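Here is the structure we will look at, set down as structure tokens.
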Amino acid sequence: MPASPDLIARSLAAVWHPCTQMKQHEALPPVPVARAAGLWLYDPEGRRYLDAISSWWTNLFGHCNPRINAALREQLDTLEHVMLAGFTHEPVVQLSERLSALSGGALGHCFYASDGASATEIALKMSHHAWRNAGDAEKTGFLCLEGSYHGETLGALSVTDVAIFRDAYAPLIRDVRTVPSPDARLARDGENAVDVARRAAAGLEKALIEGEGRIAALIVEPLVQCATGFAMHDAEYLRLARRLCDRYGAHLICDEIAVGFGRTGTFFAHEQAATDGKNLLPDFLCLSKGISGGYLPLSVVMTTDRIYDAFYDDATARGFLHSHSYTGNPLACRAALATLDIFEQDKVIAANRRRADVFTKQLVALRDHPRVRHFRRCGMLWAFDVAAAPADFARRYFSAAMQREVLLRPIGNTVYFMPPYLLDEESGDFLAAAATAALNEVLA
Ligand SMILES: *Cc1c(COP(=O)(O)O)cnc(C)c1O
């Protein structure tokens, strides 16, 4: 028996796959992956697939990257794990120092967890607890954007505006108010992206006023709301949101779990909201996904002296007592340090600017395709919507792309590219041609 059918059958018998109605695997089974290198995934029979979505947006420098592998091998023989409560170690200290330096020292306190949803939970809990410690215990409300996605544990789900993920659990989660999205596609006649941002900010101000001082924080995905179809907005929204949060006494949580680590063209997305050389300062910054180069589960919430000081006290109960078993795992931190090394050694942010220009040109045929709408780009992230797409477009497009050796996984009628920062002229050409051919096949 060839390896793939056997592995698929065993997987369907024993593994409950994420984000999946398992019955649909009867028609479209999961794809077995035996090994991976660089941009490519290989199945047991040697078929290959270009990972154009970085394995759910995590992989930055290719699979089995030699530099990250070497760092991990060394760490494996030095210290694999130790609890972080009451103990510390070099990788977690170095990582905190370097992330803090990347924030210009403004976010100098790093609290770790293992996944994005946990980072959201931490930011929400810390925000309320900081207000409570400051004597403002009635600040228990949160605001999120229409179409927001911040993870799927119960707390994170309460600030996630995606009906298909939320509806079944509605009775279990807190009622959180959504405010208008600054999605640039919502521009009315004569409006530009900045106008949409201003209009959305007016809606935010209304919600803050109606919150009557009970809003603890606004949570946003800076520049791109990825999971709900790559809605992009002007950085002006972040500036206005920061100002409004200050005016009405709410924290600003920047969820850069998907858009951090260079994805939008700057190391952190919120850097693009700087004014007169002065950085926008979130109260909380959530990072995960790309942080370990796509190797190991790791997330972090970075925060300011001001928040940190609100917890610093003789009373244990005023501390932040949240914990996860694998908090600050040394292997994951070491993968993150190797990832930061690559950013520095290869001057990745500048190199990506050239890389993105090349791929944008290679996508011209797609951009000009008669059924393509709202072709858009932000840094190393491209997306477009397909007009009058057939039912079940996402799955059909995925299959058509896989037949052309490319992994693309549309969200609804939105196709997106989020490749590792390794895409070159040749692989970009291959990807663009396959993506166009797959579109023509599905629309035929
Ligand atoms: C993926 C994602 C999360 C959740 O991260 P998990 O590791 O999947 O829990 C939260 N926020 C944003 C913006 C994300 O893209």
Side-chain angles (χ1 to χ4, degrees), residues 16-20 53-60 111-127 142-162 164-166 169 173 176 178 181-183 217-233 237-238 241 252-264 268-270 282 284-302 322 324-327 329 332 335-336 339 378-381 383 409-412 414 416-418:
W16 198 337
H17 291 263
C19 201
T20 300
I53 60 165
S54 299
S55 283
W56 258 356
W57 323 344
T58 59
N59 190 294
L60 300 188
F111 195 100
Y112 291 89
S114 315
D115 54 67
S118 300
T120 299
E121 300 283 342
I122 288 163
L124 298 177
K125 284 177 69 178
M126 248 188 207
S127 169
F142 296 101
L143 299 177
C144 64
L145 269 52
E146 279 165 6
S148 58
Y149 181 94
H150 299 288
E152 294 170 57
T153 52
L154 290 176
L157 199 54
S158 73
V159 287
T160 287
D161 182 34
V162 184
I164 187 103
F165 297 150
R166 249 186 95 111
Y169 315 104
I173 59 187
V176 165
T178 56
S181 167
D183 180 354
L218 164 73
I219 183 165
V220 294
E221 298 158 80
L223 302 186
V224 191
Q225 294 181 272
C226 294
T228 51
F230 297 86
M232 299 184 185
H233 59 256
Y237 182 76
L238 301 172
L252 175 64
I253 303 171
C254 285
D255 174 353
E256 297 210 14
I257 289 164
V259 296
F261 291 85
R263 186 52 73 177
T264 66
F268 296 129
H270 71 271
F284 302 94
L285 177 63
C286 303
L287 303 170
S288 187
K289 291 202 165 100
I291 191 172
S292 68
Y295 268 67
L296 288 158
L298 180 69
S299 64
V300 62
V301 178
M302 300 172 65
H322 187 100
H324 295 285
S325 309
Y326 284 97
T327 299
N329 173 260
T339 298
C378 184
M380 285 292 291
L381 208 168
R409 205 169 181 271
I411 295 177
T414 300
Y416 70 95
F417 304 93
M418 219 160 157

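This one's a predicted model, so the numbers in the text were calculated from it and none came from an experiment. Ligands are counted one by one from 1 in listed order, and the atoms in each one are counted from 1 as well.
Within ligand 1, the atoms closer than 4.0 Å to a non-hydrogen atom of Gly151 are 4 (C), 10 (C), numbered from 1 in the order shown. Numbered from 1 in the order shown, with element, the atoms of ligand 1 that lie under 4.0 Å from a heavy atom of Gly116 read 4 (C), 5 (O), 6 (P), 7 (O), 9 (O). Close approach of ligand 1 to Ala258 is summarised as follows: ligand atoms under 4.0 Å from at least one heavy atom of the residue are 15 (O).
When non-hydrogen atoms are compared, ligand 1 lies under 4.0 Å from the side chain of Ile257 (C-beta onward) but not from its backbone. Here Lys289 has side-chain heavy atoms under 4.0 Å from ligand 1, and that is the only part of it that gets that close.
Centroid-to-centroid, the aromatic rings of His324 and Tyr326 stay 6.0 Å apart or farther. Between Trp57 and Phe230, the distance from one ring center to the other falls under 6.0 angstrom.
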Check: residues 151-159 side-chain donor-acceptor pairs under 3.5 Å, at least two apart:
{"unit_1": "Glu152", "atom_1": "OE2", "unit_2": "Tyr149", "atom_2": "OH", "d": "2.3"}
{"unit_1": "Thr153", "atom_1": "OG1", "unit_2": "Glu121", "atom_2": "OE2", "d": "2.4"}
{"unit_1": "Ser158", "atom_1": "OG", "unit_2": "Gly155", "atom_2": "O", "d": "2.6"}

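In this structure, the side chain of Asp161 engages the main chain of Gly147 through a donor-acceptor pair within 3.5 Å.
No side-chain heavy atom of Leu143 sits less than 4.5 Å from a side-chain heavy atom of Val176. Between His150 and Ser148, some side-chain heavy-atom pair lies under the 4.5 Å cut-off.
For atom 5 (O) of ligand 1, a protein heavy-atom neighbour is present inside the 4.0 Å cut-off.
For ligand 1, the polar-atom distance check finds an N/O of Asp255 within less than 3.5 Å of one of the ligand's N/O atoms. Looking at Trp57 next to ligand 1, no N or O pair under 3.5 Å apart turns up. Taking distance alone, with nitrogen or oxygen atoms compared against 3.5 Å, Ala117 approaches ligand 1 more closely than that limit.
Partners of Ser299 under the side chain to side chain donor-acceptor pair (under 3.5 Å) rule, at least two apart in sequence or in another chain, do not exist in this structure.
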